[in-house]
2 protein chains.
Amino acid sequence: MAKTGGTARAATAALDSLDFALDRGSPVPLYYQLAQQLEAAIEHGVLAPGNLLGNEIDLSTRLGLSRPTVRQAIQSLVDKGLLVRRRGVGTQVVHSQVKRPLELSSLYDDLESAGQGPTTQVVRNEREPASPDVAAALAVAEGSEVIVLDRLRLTHGQPVALLCNHLPATLLDLDTARLESTGLYRMMRTAGITLHSARQTIGARSATAEEAARLDEEEGAALLTMQRTAYDDTGRPVEYGTHIYRASRYAFDFQLLVRP
Amino acid sequence: MAKTGGTARAATAALDSLDFALDRGSPVPLYYQLAQQLEAAIEHGVLAPGNLLGNEIDLSTRLGLSRPTVRQAIQSLVDKGLLVRRRGVGTQVVHSQVKRPLELSSLYDDLESAGQGPTTQVVRNEREPASPDVAAALAVAEGSEVIVLDRLRLTHGQPVALLCNHLPATLLDLDTARLESTGLYRMMRTAGITLHSARQTIGARSATAEEAARLDEEEGAALLTMQRTAYDDTGRPVEYGTHIYRASRYAFDFQLLVRP
DNA sequence: GAGTGGTCTAGACCACAAT
DNA sequence: TTGTGGTCTAGACCACTCG
């Protein structure tokens, strides 16, 4: 029985009237079903920022779940930054509606190609011996064969970026036509490669005459540069990229979460 | 009993000889003690990349812990990107030794001030009415009082960055002397504010004449720009920063983890 | 078929925060 | 003192991978 005497306690009311539909026959885990429905409730404003979630014991008995299962669902949303737990207080919805985390920032952007807005022209798709820096980044022997990919990214018909990517030659076959229609990222996933982490360095410098010409900028214009090594779920490097963006038309936008 | 017949199985051997010292009297959780010691073993190379960790059941009985506790320890390292779990296979150390994740990239850097290398001069530390963009970022009323902080970051006596930060006026008191010796980040922590997440936009542009003069660059030199809003653990914005870095002396370097 | 991690349960005690 | 989340236990069954 909740204390519904004052307005201060009303924060929990929203959840009381919520009922979650859990399908035990479904292959999707119960904690995940609960997490998704909680997330949806938060996203749709049914659970407003600051709302208390009610204690875990009540919630678990009400849902017919064990407490660890409910905790697992809640924890996943805490990890996403949607909920906050406070010992002795409760679990509440985070105040600022931080939108979609965008997860891998430009990573998907850069590797994708399909989609409405941006298009990508494959300028070069070959194999060549690895230079020292490429070999180091991909953890292969210097001089061993690697895939080199040069692409030009356009939005609204305007050049935005020069993308140069290197991949281990043994990783997959890259058909240029499929590459332009499907995107590198999807082709990697199809080949059973799941990206897991990436290390990025973002800097800036002035455009050379050649870069300026290719990007339709003035010589000396500010460019954003990015170097990235991406790793699969076993920690093996699967992609090394050196990208150049027109600063006048592109910026990196991402969210950081602090792990406690 | 492990099958120690072949060399292929030797991967587990390293762990067998490891013994972990768990202190049940300590206030630090058992799963955390285990996680720290596993991480140390990985860092020191006792557990080499690719090594299997041995199954969770054995590990738990050997350590005198329950399986969920062991799983919690392992999971925390999986989240850090140090371990990989594969159903039907086992848990193994990730191949690439991805160094310290650096977590919040330049966030701590920018907010810190103490330390040997970089120093920070507080150029301005005042309160003023919030401009529209500042008010929006900090979720306060337009025109309400906010703290404005202008700082100059130096390394080796050379200017590196112009840092402009805005904070809600009610958040804390910023003594300039303490600010230069302690750093903004530590002062916020001391005030009970724990950073939780941040939203960043990184771009580039050419230096104006004034910026060039203050940063000891040529006019038109490439600059890195960064805008950030940082949130505490309740999701309230606690800091809004507009920073300018000399691209010739500074780059952002960070690691991204893909959440599965 | 054997071994692995993935999920789930039904309890328990503790530390911390508010009242 | 009461209620909350934080931690921990000792089992269970399932899904997947591999030989």
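Hydrogens, waters and symmetry mates are skipped; everything else that's a heavy atom, side chains included, is used. Only a predicted model underlies this, so the values are computations on that prediction, with no experimental measurement involved. Here is the naming used below: chain letters follow the sequence lines, and residue numbers restart at 1 for every chain.
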Discussion item. Using whole Å, what does the distance between atom P of nucleotide C/dC13 and atom CZ of B/R24 come to?
Written reply: 15 Å

Worksheet item: At under 4.0 Å between heavy atoms, what does A/R86 touch on the DNA or RNA strands: base, sugar-phosphate, or nothing?
Response: sugar-phosphate

Response to the item:
CD of B/Q37 to CG of B/L47, rounded to nearest 0.5 Å, is 11.5 Å

Worksheet item: Just how far, in rounded Å, is P of C/dC16 from CZ of A/R87?
Response: 5 Å

Worksheet item: Which nucleotide in the set C/dC16, D/dC8, D/dC13 lies at the smallest distance from any side-chain heavy atom of B/S66?
Response: D/dC8

Worksheet item: Touch check for A/P68, heavy atoms < 4.0 angstrom, all strands: base, sugar-phosphate only, or nothing?
Response: base

Practice prompt. Rounded off to whole Å, could you give me the OH-to-P distance for the A/Y32 and D/dA15 pair?
Written response: 19 Å

Item to complete: For B/L30, report the nucleic acid contact type (base, sugar-phosphate, nothing); a contact means any heavy atom under 4.0 Å.
Response: sugar-phosphate

Practice prompt. For a side-chain contact (heavy atoms from CB on, under 4.5 Å) with A/V238, tell me which candidate from A/L167, A/T194, A/L195, A/L138 qualifies.
Written response: A/L195

Worksheet entry | B/R71 vs C/dG6: side-chain N/O to OP1/OP2 distance below 4.0 Å | yes

Practice prompt. Taking atom CG of B/D173 as the centre, report whether more than 12 heavy atoms of other residues, nucleotides or ligands fall under 6.0 Å from it.
Written response: no

Worksheet item: Starting at CG of B/L65 and ending at P of D/dT9, how long is that distance when rounded to a whole Å?
Response: 5 Å

Worksheet item: Going from OG1 on B/T69 to CG on B/L30, what distance comes out if it is rounded to the nearest 0.5 angstrom?
Response: 6.5 Å

Fill in: Separation of atom CG in A/D233 from atom P in D/dT17, rounded to whole Å
12 Å

Item to complete: Indicate whether OP1 or OP2 belonging to C/dG5 is found under 4.0 Å from a side-chain N or O atom of B/T91.
Response: yes

Worksheet item: Between B/I57 (CD1) and D/dA12 (P), how many Å, whole number?
Response: 11 Å

Item to complete: Return yes if a side-chain donor-acceptor contact under 3.5 Å exists between B/Q72 and B/Y32, otherwise no.
Response: no

Discussion item. Does D/dC8 have its OP1 or OP2 closer than 4.0 Å to a side-chain nitrogen or oxygen of B/Y31?
Written reply: no

Discussion item. Looking at C/dT4, I'd like to know if its phosphate oxygens (OP1 or OP2) sit under 4.0 Å from a side-chain N or O belonging to B/N55.
Written reply: yes

Discussion item. Counting only side-chain heavy atoms from C-beta out, which of D/dA10, D/dG6, C/dG5 sits nearest to A/R85?
Written reply: D/dG6

Worksheet, complete the sentence: Assign each of A/V28 and A/G88 the nucleotide of DNA chain C bearing its closest heavy atom; nearer the 5' end lies the nucleotide of A/V28

Practice prompt. Rounded to the nearest angstrom, tell me the gap between atom CG in A/L34 and atom P in C/dT7.
Written response: 14 Å

Worksheet item: Of all the choices, D/dC8, C/dA17, C/dA15, which nucleotide is nearest to the side chain of A/V89 once you look at every atom?
Response: C/dA17

Worksheet item: Atom CG of B/L22 to atom C1' of D/dT9: distance rounded to whole Å?
Response: 15 Å

